[in-house]
Structures are given as structure tokens and as C-alpha cells.
Number of protein chains: 2
Amino acid sequence: MISGKFAITIHILTLLTKYPNDYLSSEYIAGSINLNAVLVRKEIANLKAHHIVESKEGKNGGTKLSVDPSNISLKEIFEMTFESINLGYAKNQPNPDCPVGKKINQNLSALYADMNQKVSLQLEGISLEDFSNQF
Amino acid sequence: MISGKFAITIHILTLLTKYPNDYLSSEYIAGSINLNAVLVRKEIANLKAHHIVESKEGKNGGTKLSVDPSNISLKEIFEMTFESINLGYAKNQPNPDCPVGKKINQNLSALYADMNQKVSLQLEGISLEDFSNQF
DNA sequence: TACATTTGTAATATATTTTATTACAGTATG
DNA sequence: CATACTGTAATAAAATATATTACAAATGTA
């Protein structure tokens with residue numbers, strides 16, 4: 001199962017991009033995603049830690065973008081919400097006495113690293129503004 | 001969480017490539033992966049359905065490759081074990097009355113489709129033989 | 001000031017997915 | 001005919017993801 005972190009975060013950011021002058025509440029955002037507001041606030045906390053958004057507490061509070069959406073790429077959003085693209089690893093440590101077991105994870109890692117590079121290149125070319133303009 | 005299906009399958013196939021003249025038992029393979037033998041047999045069932053390997057039941061039975069490892073690419077293995085590369089979707093259906101909610105999944109899908117194309121190209125260029133030669 | 005609204009965060013519960021285990025029928029080998 | 005395998009179903013356990021509840025703290029406004 002892949003978590004919805006990236007999708008949720010990009011949904012939040014698209015809303016904030018669409019309404020750049022408003023502080024949107026987590027309840028409002030949650031209503032668009034159809035997700036619990038606490039989880040929205042958790043992703044917002046992550047965005048705040050990366051200085052992408054800023055929040056205001058109290059009545060009429062909420063969250064708004066603190067960067068220009070043309071200056072942030074999907075690669076950055078990806079990196080904030082996803083460790084790396086990969087096709088998975090077996091759960092347990094493989095047998096180190098088997099020539100295949102000994103090296104499988106290292107060889108998979110190399111493969112996945114290449115994958116990430118290609119995907120990163122793709123995501124780097126798309127700004128949040130680009131993405132939002134599709135709506 | 002990403003399941004280990006792809007990693008397990010490629011581990012199995014690497015072993016079969018290394019020992020092309022033997023029928024390897026699921027217990028033996030499981031010992032290399034450090035995984036329950038039943039799960040190995042399940043992935044082998046998948047490989048058999050795709051005519052990549054063949055099994056022999058009974059004493060001294062096991063599984064061996066039924067294709068030339070230079071003629072099968074990681075892309076094919078990927079497609080047998082993975083739906084598609086993606087960065088996830090939010091779990092619940094988004095609000096169709098919101099312009100963003102209405103289109104978010106479609107726009108994410110398009111993004112992910114591009115990603116798959118790039119990754120597929122990469123994987124297409126690597127044969128099982130290539131991968132196995134790294135060990 | 002008092003109230004309402006909102007964030008921030010912790011604690012806990014539920015749901016979903018992934019992996020593991022158990023069990024056993026069926027098949028081939030020697 | 002005993003042994004060592006596969007094939008597969010059923011169930012359990014573990015891991016992860018999402019949801020809910022609760023409440024302190026902040027802030028705008030009557």
C-alpha cells in the first residue's frame with residue numbers, strides 16, 4: 001500500500017495556489033480531499049517545517065502559501081513526502097551466505113537509484129503553478 | 001508500504017538463472033530470501049501463469065526457468081508483479097463539487113503515466129541475464 | 001471580557017495490506 | 001510404499017495507513 005501523503009500534499013497545495021489570498025482552514029481543505037482534518041493538519045505541519053506554507057491560529061485562521069508556486073517544483077514536494085521511488089524490498093534480511101542473498105538489496109538499490117533520477121528529472125520540470133493550471 | 005513482490009520475484013529468477021540446470025525447491029529459495037516457502041510458491045505460481053518458469057511436483061521436484069534469461073527484461077517482471085509506479089492517491093473519493101477535487105485524480109494519473117513510461121524504458125533495457133550477471 | 005473558531009498535537013482506535021503459519025491433498029522418485 | 005516435493009486454502013499475526021476523540025492554546029470579534 002502506498003500512503004496518500006504525496007497526493008494529499010499536492011491537493012492541499014493546489015487549493016492554496018488557487019486561493020492565494022485566503023487562509024484556508026483545515027476543515028475546508030479536508031472537505032475537498034474527503035479526509036480527516038487532523039490528517040490535513042499533519043501534512044500542513046510538514047509543509048510548514050519546509051517553509052512552503054504559513055498558518056495562522058485562532059478565529060479566521062488557516063493556512064496559505066508562503067512561496068511563489070512558480071518557484072517550487074513537484075520534485076521538492078515529492079522529496080518532502082516520499083522517501084524514494086522503488087519497487088520494494090523483501091521484508092527480511094536475505095541469507096548472507098548465498099551469493100544472491102548477499103547482494104540482492106544492493107543491486108536493487110542501484111536499480112531504484114536510477115529510477116529516482118529519471119523520475120526526479122521529470123518532476124523537476126513541473127512547477128506547482130504548472131500543475132495547478134491544469135484545474 | 002510497498003510489497004516485496006517484485007523484489008521476491010527477481011530474487012527467485014536470479015537464483016534460477018544462476019542454476020539453470022537444476023530444479024530448485026521452494027524451501028531452498030525461501031532460505032536465500034529468508035521468506036516463508038508458501039509465499040515463494042505463490043510468486044512461482046504467478047511466474048508459471050506467465051510461462052516464465054516451469055515446475056515439477058514430487059520428490060526432487062522444484063522450479064526452473066523456461067525462457068532464456070537474455071530474452072526477458074525487467075520490464076516484463078515489473079509488469080507481472082506491480083500494477084504501476086505511482087506516488088499514491090488519497091484513499092477516499094475527493095469532493096466532486098470542488099474544482100480541485102473533481103480533477104485531482106485524473107491529473108495525478110496523467111503524471112504517474114508519464115512516470116511509468118520513463119521507468120518502463122529503463123527497465124526494458126535490462127535483461128534478467130544482465131541483472132543476474134551483477135552477482 | 002467572554003465566546004466562537006481555529007491550529008497543534010497526543011492518544012487511541014479502526015481499517016487495510018502484507019507476511020507468516022498451519023494444514024493437507026496430490027504427485028513423482030527411488 | 002516412504003519420502004520429498006508442489007499447490008492451495010484457511011487463518012493468524014504484524015505492519016502500516018487512516019480515522020476519531022480530546023483538549024490546550026491562540027486569536028478575532030461582539
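Atom set for the values below is all heavy atoms of this structure, side chains included, hydrogens, waters and symmetry mates excluded. All of these numbers come straight from a predicted model, not from anything done at the bench.
Spacing between atom CD1 of Ile44(A) and atom C1' of dT7(C) amounts to 9 Å, rounded to whole angstrom units. If you take CD of Glu54(A) and C1' of dT7(C), they are 14 Å apart, rounded to a whole angstrom. Look at CG on Leu39(A): it is 17 Å from P on dT12(C), rounded to the nearest Å. Atom pair Asn92(B):CG and dA15(C):C1' shows a separation of 11 Å (rounding to whole Å applied). Atom NZ in Lys64(B) sits about 15 Å away from atom P in dT6(D), given to the nearest Å. Look at CD on Glu27(B): it is 11 Å from P on dT21(C), rounded to the nearest Å. The interatomic distance linking Glu43(A) (CD) with dA17(D) (P) rounds to 11 Å, in whole Å. Taking atom CD1 of Ile12(B) as the reference point, atom P of dT6(D) lies 11 Å away to the nearest angstrom.
Comparing Leu24(A) and Ile2(A), the nucleotide of DNA chain C nearest to each residue sits closer to the 5' end for Leu24(A). Along DNA chain D, the nucleotide nearest Gly58(A) and the nucleotide nearest Ile8(A) are compared for position; the residue whose nucleotide lies closer to the 5' end is Ile8(A).
In the set dA9(D), dT6(D), dT18(C), the nucleotide with an atom closest to the side chain of Met1(B) is dT18(C). Between dA22(D), dA23(C), dA20(C), one nucleotide has an atom nearer to the side chain of Val38(B) than all others, and that is dA23(C). With dT8(D), dA10(C), dA17(D) as the candidates, the nucleotide lying closest to the side chain of Ala45(B) is dT8(D). Among the nucleotides dT9(C), dA20(C), dT18(D), the one closest to the side chain of Lys91(B) is dT18(D). Closest to the side chain of Arg41(B), out of dT8(D), dT7(C), dG26(C), is dT8(D). The side chain of Lys59(B) has dT3(D) as its nearest neighbour among dG26(C), dT3(D), dT21(D).
Not one side-chain nitrogen or oxygen of Ser55(B) sits closer than 4.0 Å to the OP1 or OP2 atom of dT6(D). Applying the 4.0 Å criterion to OP1 and OP2 of dT6(C), one finds that Ser25(A) has every side-chain N and O outside that range. In this model, the phosphate group of dT29(D) is approached by a side-chain N or O of Asn60(A) to a distance below 4.0 Å at OP1 or OP2.
Hydrophobic clustering, with ILVMFWY side chains joined whenever heavy atoms are under 4.5 angstrom apart, keeps Tyr112(B) apart from Leu121(A). Neither Tyr23(B) nor Tyr28(B) shares a network with the other; the hydrophobic side chains, linked directly or stepwise wherever heavy atoms of I, L, V, M, F, W or Y lie under 4.5 Å apart, form separate groups for each.
Here Thr63(B) lies out of heavy-atom contact (under 4.0 Å) with every strand. Nucleic acid contact class of Asn36(A) (heavy atoms, under 4.0 Å, all strands): base. Residue Lys56(B) is in sugar-phosphate contact alone, with no base atom involved, counting any heavy-atom pair closer than 4.0 Å across all strands shown.
Between Phe131(A) and the choices Ile77(A), Thr17(A), Thr14(A), Ile72(A), the side chain to side chain contact (heavy atoms under 4.5 Å, CB included) rule is met once, by Thr14(A). Residue Lys5(A) is tested with Glu83(A), Glu43(A), Glu79(A) for a salt bridge (charged side-chain N to carboxylate O under 4.0 Å, His left out); the sole match is Glu43(A).
In the region residues 74-90 of chain A, proximity to DNA chain C at under 4.0 angstrom, judged on heavy atoms, holds for none of the residues.
Side-chain atoms of Asn92(B) come within 3.5 Å of backbone atoms of Asn34(A) as a donor-acceptor pair (strictly under, hydrogens ignored).
Residues Ser127(A) and Asp130(A) are in side-chain contact: their nearest non-hydrogen atoms beyond the backbone lie under 4.5 Å apart.
Between Phe6(B) and Phe78(B), the two ring planes are perpendicular [angle over 60°; tilted spans 30° to 60°].
Once rounded to the nearest 0.5 Å, the distance linking NE2 of His11(B) with CD1 of Ile104(A) reads 5.5 Å.
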